[in-house]
Amino acid sequence: MDYNFSEIEKRWQAYWKENQTFAAEENSEKPKYYVLDMFPYPSGAGLHVGHPLGYIASDIYSRYKRHLGFNVLHPMGYDSFGLPAEQYAIQTGQHPKITTEENIATYRRQLDQIGFSFDWSREVRTSSPEYYKWTQWIFIQIFNSWYNKATDKAEDISTLIAHFEQHGTANLNAHTDSEIQFTYEDWSFYNEKEKADILMDYRLAFLADSFVNWCPALGTVLANDEIKDGLSERGGHPVERKKMQQWSMRITAYAQRLLDGLDTIDWTDAIKEIQRNWIGKSKGASIEFDVENSDKKIEVFTTRPDTIFGVSFMVIAPEHEYVTELTTDAQKEAIEAYVKYAASRSERERQTEVKKITGAFTGSYAIHPFTGKQIPIWIGDYVLAGYGTGAVMAVPSGDQRDWDFAKHFGLEIPAVIEGQNVEEGADDNKNGIICNSEFLNGLPVKKAIGAAIKAIQEKGIGKGQTNYRLRDAVFSRQRYWGEPIPVYFENGIAKTVPMNELPLTLPEVDKYLPTEDGEPPLARAEDWSYKGNPLETSTMPGWAGSSWYLYRYMDRERNHGFAKVSNLDYWKNVDLYFGGAEHATGHLLYSRFWTKFLNDKGFIEIDEPFQKLINQGMIGHHANYIFKVNIELEVEGIEKIAAVQATNLFPFYVSKEIAEEYSKSGITNLPDLEIGLAKFENIISNSIYDKSKTSNILKFHRFQIKSITEVPIDIKFVDNDSNFLSQKFLENSSELIRQKHVFVSYNNQIKCDREDNVKMSKSKFNVVNPDQIVEKYGADTLRLYEMFLGPLEQAKPWDMDGIEGVHRFLRKFWRLFHDKENNYIVTNEKATKEELKALHKTIKKITEDIERFSFNTGVSAFMICTNELTDLKCHKKEILEQLVVLIEPYAPHIAEELWNKMGNSGSISTAQFPKFDGKHLIESSHKYPVSFNGKMRFTMELPLDLSKDEIEKTVLESEDAVKWLEGKAPKKVIVVPGRIVNIVI
RNA sequence: GCGGAUGUGAUGAAAUUGGUAGACAUGCUAGACUUAGGAUCUAGUGCUUCACGGCGUGUGGGUUCGAGUCCCUCCAUCCGCACCA
């Protein structure tokens with residue numbers, strides 16, 4: 001073979017490993033450059049072709065920076081706590097630690113064979129006690145801190161205690177949920193528990209009640225996306241909104257700084273906008289409404305206090321603390337039913353299904369603060385409890401959701417903006433003039449807002465206020481496979497495990513499930529206590545470990561706290577960060593929060609973790625589905641068998657066509673029972689199903705289809721063109737068939753449904769693994785191909801169609817150095833003008849493309865250059881040596897090989913990057929496109945030193961121009977020297 | 001619903017400041033070499049037309065000598081929305 005990539009790649013990968021080629025230097029004089037990839041969760045499916053996309057891009061940039069003389073830090077690790085390993089543990093009993101280690105080993109092998117220039121001496125794993133010791137340490141730091149708004153910083157809790165001891169809450173400007181005011185004397189009389197409770201309202205990591213999606217049957221809390229139609233995705237159990245005591249992080253204290261920081265970092269506007277929205281700063285007013293015959297006041301926040309005269313009712317969340325009290329006896333039944341219904345709906349559903357308008361009247365009335373009118377108080381699930389005050393003053397003329405609610409329940413819609421047609425819908429634009437609003441009449445909206453706030457303040461019923469949509473982040477997880485929270489409870493008081501006893505390691509448990517009482521899995525551990533006091537049983541969320549890992553990489557010695565101070569000072573923050581945009585509001589916000597916190601406490605100098613961010617697009621792939629028919633059987637002589645049981649007993653799968661046919665038949669009794677039966681017989685005659693064991697079951701006389709569910713099926717079992725389930729799969733004993741699943745088909749063929757461009761995941765069985773590609777074409781081809789697919793930031797489907805072309809290119813590149821017999825043919829001849837032009841054009845293009853992260857056009861540039869040099873029959877070292885350095889970031893293995901063949905020793909990785917010299921590109925003439933009325937008609941080669949007038953004259957006199965002018969005189973001629981000529985006729 | 005993005009040949013795409021639309025690949029067609037081709041090489045390939053030409057960057061409009069690029073309208077698709085990571 002001419003270009004023996006597998007031998008070359010293995011050799012150089014071994015060389016890099018042996019020589020620690022890519023280890024970042026300690027105590028370097030060079031300028032630093034820190035390139036980081038979001039570390040992967042090591043899933044059981046292994047690395048798929050989507051993962052390396054970002055890694056290749058970051059690797060190209062890292063290698064490029066090394067050529068420019070930077071000390072590059074380019075590490076990799078694993079975000080190795082997470083649900084999938086825990087799910088697997090629940091199913092199989094295998095410790096997640098073992099699963100995770102196996103998966104990491106696979107990832108490492110796969111990463112190594114792609115030839116990344118990672119500094120593996122700094123690897124981190126969030127699940128290793130050595131690492132999470134410091135995650136726990138940071139948690140304790142946060143727990144022992146409060147936010148002083150006066151200094152606009154997190155401070156040690158001791159300064160707060162000192163303030164309480166001297167002044168009580170007087171002159172305190174803290175970020176807190178507490179409204180309790182007390183004097184220093186009060187404080188001195190509080191007992192330990194009372195003090196602890198007060199401090200808890202100030203701590204940045206704190207215990208509080210939060211709403212969660214509780215699934216009683218599973219005994220666990222579910223994520224929004226684990227819930228489908230109010231039922232758990234796994235098992236289909238009911239889920240309810242429930243208040244539970246949870247650890248939370250007071251990220252809201254940082255809302256303004258998180259907002260301001262966005263202006264200092266180089267991220268895309270899209271991501272910044274998402275974060276701005278998430279933080280959701282809004283200016284408006286908080287207003288308290290009195291309630292008739294009650295001393296309760298309902299507090300609302302509105303951005304439109306100017307529309308206060310448009311309020312015709314109030315809506316409070318079904319979970320609002322006053323619901324019970326506000327409900328009159330007459331409405332009791334309705335309200336209770338509605339509260340129960342609302343609890344069954346997920347927050348997502350409540351936000352999404354806006355057309356489904358539901359609510360109930362409490363029977364109570366609030367009093368309008370200005371008009372004194374009665375305002376009915378409703379509950380409605382479009383108002384979310386965890387959001388703002390959990391109550392809104394409804395202005396149906398100004399807010400579409402309020403308008404929909406009013407229409408649905410026949411409530412009044414008073415107009416407050418001149419010219420408003422309240423029958424058509426709400427009008428939320430801020431350009432109108434206020435009317436029907438007493439003292440606000442005639443004011444434009446923007447002025448009215450100020451006037452309304454002033455009036456509200458004067459009346460003492462509220463004040464102007466800035467609100468943030470951002471909520472405190474729930475930090476507890478009722479799971480096993482996460483960092484234990486280093487807290488124990490002594491007489492009900494939360495205390496942290498002493499620093500010198502960290503890490504608090506995960507205990508062994510008999511099962512990875514919650515206890516019978518619904519306690520998290522850690523409660524199963526024997527003696528899960530600290531000095532006789534119970535330890536916290538919830539664990540930390542996935543974002544804990546990933547919020548600070550960038551600092552751990554800076555210190556390879558792992559011997560100096562969470563990271564060595566001198567190294568923190570040298571590396572500062574990540575210069576260039578690669579990762580998916582899906583982390584926009586999770587990881588990317590939380591790590592900014594922790595960085596600001598660590599900065600406040602003086603542990604680090606920097607304020608933002610990631611200076612520049614690149615979001616690589618997702619690589620999707622098609623997924624295939626078949627349809628599982630869930631039936632209810634009536635077996636001869638026996639009672640009806642329930643749906644779930646029948647399905648398990650006799651599950652069958654059908655193609656999309658049959659599923660649709662079944663769906664159309666109303667999912668009741670099948671009209672063509674015989675046909676249905678015949679299909680079963682057909683299967684049996686095809687011996688897909690064990691006949692001997694089914695004879696009894698088949699004696700049913702009726703079956704009902706209860707539902708049809710889509711089930712993903714491994715793409716490797718499905719023919720790519722026809723979407724038929726492969727014959728092999730049907731014939732051979734597969735896993736599904738071993739479980740006695742039946743496939744109903746026509747002519748023994750099952751056509752699967754196909755969905756294109758789906759995110760690759762183990763659960764969809766559509767993962768494309770890079771291993772076979774590397775084996776067949778080599779890592780350099782994979783690297784180039786992934787870059788060649790399209791713009792890095794754009795989502796794109798994976799297909800293998802173009803990979804041959806990229807591979808052919810590398811072989812063509814190889815042939816610039818070798819003849820047909822694979823003899824090395826590079827010469828020391830002097831390069832020609834054309835050859836230098838081809839090279840420098842490429843140097844310019846490649847440099848610009850890397851700088852703007854346009855790697856796909858970079859690959860094209862290499863192809864063009866190689867094509868040109870091949871045509872020029874150029875085999876000259878003067879040209880090729882530079883070209884090899886140029887291509888090294890993209891295709892490092894072949895570059896190392898050729899670099900050494902050309903007589904260089906050692907690695908190419910720090911060779912100087914070629915410098916562009918414009919003198920090779922200077923042209924003496926330009927091929928001018930000549931347009932008539934903007935349409936290009938012909939081109940004309942003209943010297944570049946001609947003046948505008950000379951160009952115009954020459955062009956107009958040309959034969960082509962005369963033909964196109966058709967004897968008419970041009971109205972206007974536009975000449976842009978060096979570019980175009982446009983003639984207007 | 002709210003928020004963010006994307007629409008260009010048969011396909012992945014290119015066109016960096018408004019200046020020759022479709023570079024570079026894939027696929028396809030024809031040819032060469034070959035016992036053979038899933039190897040290699042050559043030519044062609046936006047649509048339409050015998051041709052001259054006409055039409056072409058999701059839709060409709062606007063600005064401009066000139067628009068894929070700027071402005072407005074509508075449509076379609078994808079992504080995120082707080083316990084997936």
Side-chain angles (χ1 to χ4, degrees), chain A residues 38-41 43 79 81-84 212-213 220-226 246 268-274 276-278 280 347-348 350-355 382 386 400-401 404 469-479 482 541-543 546 580-587 589-590 615 617-618 620 757 759 761 763 785 788-791 793-806 808-809 811 820 845 848-849 852 854 856-857 859-864 867 927-939 970-974 976 979-984:
Chain A
M38 286 184 190
F39 57 171
Y41 172 78
S43 107
D79 190 10
F81 273 133
L83 263 187
V212 294
N213 300 311
T220 191
V221 175
L222 300 175
N224 275 340
D225 64 69
E226 290 177 292
Q246 304 273 322
T268 60
D269 289 338
I271 296 283
K272 287 188 186 182
E273 202 52 39
I274 290 171
R276 284 198 190 101
N277 244 291
W278 189 258
E347 197 161 300
R348 182 79 58 85
R350 287 166 60 168
Q351 285 176 65
T352 311
E353 296 172 11
V354 288
K355 284 183 184 128
Y382 77 96
Q400 192 57 44
R401 288 165 308 175
D404 292 337
R469 198 177 77 103
L470 186 70
R471 289 185 244 166
D472 283 330
V474 178
F475 196 71
S476 293
R477 297 291 183 268
Q478 278 63 42
R479 313 279 192 190
W543 56 267
S546 60
E582 68 274 20
H583 299 277
T585 51
H587 165 59
L589 196 65
Y590 298 131
N615 299 114
M618 182 191 83
N757 216 0
K759 184 174 180 170
S761 76
S763 62
Y785 183 57
F788 190 60
L789 274 178
E793 312 199 9
Q794 203 169 294
K796 46 200 160 279
W798 176 260
D799 68 66
M800 290 282 285
D801 292 349
I803 200 162
E804 294 281 352
V806 172
R808 270 199 279 272
F809 154 71
R811 294 171 57 170
K820 276 189 178 160
K845 178 78 176 147
E848 285 170 1
D849 284 351
R852 68 188 174 108
S854 176
N856 55 328
T857 51
V859 178
S860 301
F862 285 124
M863 289 174 169
I864 293 167
N867 289 346
K927 202 168 152 193
Y928 281 88
V930 180
S931 304
F932 288 77
N933 294 334
K935 282 227 175 295
M936 207 285 285
R937 295 304 182 186
F938 60 90
T939 57
K971 280 185 192 150
K972 197 174 177 185
V973 181
I974 291 110
V976 184
R979 307 202 86 143
I980 55 108
V981 176
N982 188 20
I983 298 164
V984 186

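If you're wondering where the values come from, they're calculated on a predicted model, not measured in any experiment. Below, chain A is the first sequence line, B the second, and so on; all start at residue 1. The figures that follow rest on heavy atoms only: side chains count, while hydrogens, waters and symmetry mates do not.
For Ser854(A), the side-chain contact (heavy atoms from CB on, under 4.5 Å) partners are Asp849(A), Arg852(A), Asn856(A), Thr857(A), not counting sequence neighbours. Checked against side-chain hydrogen bond (donor to acceptor under 3.5 Å, both in side chains), Asp799(A) has no partners two or more places apart in sequence or in another chain. Arg937(A) pairs by the side-chain hydrogen bond (donor to acceptor under 3.5 Å, both in side chains) definition with nothing, not counting sequence neighbours. Every residue two or more places apart in sequence or in another chain that forms a side-chain contact (heavy atoms from CB on, under 4.5 Å) with Asn933(A) is listed here: Val984(A), Ile985(A). Among residues two or more places apart in sequence or in another chain, the side-chain hydrogen bond (donor to acceptor under 3.5 Å, both in side chains) test is passed with Glu848(A) by Lys844(A). For Arg477(A), there are no side-chain hydrogen bond (donor to acceptor under 3.5 Å, both in side chains) partners at least two apart in sequence or on another chain. Residues passing the side-chain contact (heavy atoms from CB on, under 4.5 Å) test with Lys927(A), sequence neighbours excluded: Thr939(A), Glu941(A).
Heavy atoms of Gly82(A) sit under 4.0 angstrom from primed sugar atoms or phosphate atoms, though from no base atom. Nucleic acid contact for Asn213(A): none, since no nucleic acid atom lies under 4.0 Å from a heavy atom of the residue. In this structure, Gln246(A) reaches the bases: a heavy-atom distance under 4.0 Å links it to at least one base atom across the strands shown.
With both ends at atom C1', the span from U16(B) to U11(B) equals 25 Å, rounded to whole Å. Annotation: U57(B) and G62(B) have their P atoms spaced 15 Å apart (nearest Å). Separation of the P atoms belonging to U63(B) and A14(B) is 31 Å when rounded to the nearest angstrom. Straight-line distance between the C1' atoms of C74(B) and C24(B): roughly 35 Å, to the nearest whole Å. Comparing the C1' positions of A21(B) and U69(B) gives an interatomic distance of 11 Å, to the nearest angstrom. Nucleotides G58(B) and U73(B), compared at atom C1', are 13 Å apart to the nearest Å.
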Show the distances under 3.5 angstrom between N or O atoms of the protein and N or O atoms of nucleotides 13-16 of chain B.
unit_1	atom_1	unit_2	atom_2	d
A13(B)	OP1	Gln794(A)	NE2	3.4
A13(B)	O3'	Asn856(A)	ND2	3.4
A14(B)	OP1	Asn856(A)	ND2	2.7
A15(B)	OP1	Arg852(A)	NH2	3.4
U16(B)	O4	Lys845(A)	NZ	2.9

Tabulated below should be each protein N or O lying under 3.5 Å from an N or O of nucleotides 51-54 of chain B; please produce it.
unit_1	atom_1	unit_2	atom_2	d
G54(B)	OP2	Arg937(A)	NH1	3.3

Please list, pair by pair, any protein nitrogen or oxygen found under 3.5 Å from a nitrogen or oxygen in nucleotides 65-67 of chain B.
unit_1	atom_1	unit_2	atom_2	d
C65(B)	O2'	Asn982(A)	ND2	3.2
C65(B)	O2	Asn982(A)	ND2	2.7

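Heavy atoms only, all atoms of each residue included: Ile983(A) and Pro970(A) are closest at CG2-CB, 3.6 Å.
Closest approach to the Val221(A) side chain among A85(B), C24(B), C83(B) is made by C83(B) (side chain taken as heavy atoms from C-beta onward).
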In 5'-to-3' order, the base (B), backbone-only (S) or no-contact (-) status of each nucleotide in nucleotides 27-42 of chain B, using a 4.0 angstrom heavy-atom cut-off, is S------------SS-

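Note on ring orientation: taking the six-membered ring where Trp is involved, the planes of Trp798(A) and Tyr785(A) are perpendicular (angle over 60°, cut-offs 30° and 60°).
Scanning RNA chain B for stems, defined as runs of 3 or more consecutive Watson-Crick or G-U wobble pairs whose donor-acceptor distances all fall under 3.5 Å, gives the following ranges: B:1-7 with B:75-81, B:10-12 with B:24-26, B:27-32 with B:40-45, B:46-48 with B:53-55, B:60-62 with B:70-72.
When each of Val976(A) and Pro84(A) is assigned the nucleotide of RNA chain B with its nearest heavy atom, Val976(A) is the one assigned upstream, toward the 5' end. The nearest heavy atom of RNA chain B to Lys927(A) and to Trp278(A) marks one nucleotide each, and the one closer to the 5' end goes with Lys927(A).
Rounding to whole angstrom units, NE2 of residue His587(A) and P of A82(B) are separated by 18 Å.
Distance alone, capped at 3.5 Å, places no donor-acceptor pair between the Asp79(A) side chain and the Phe39(A) backbone.
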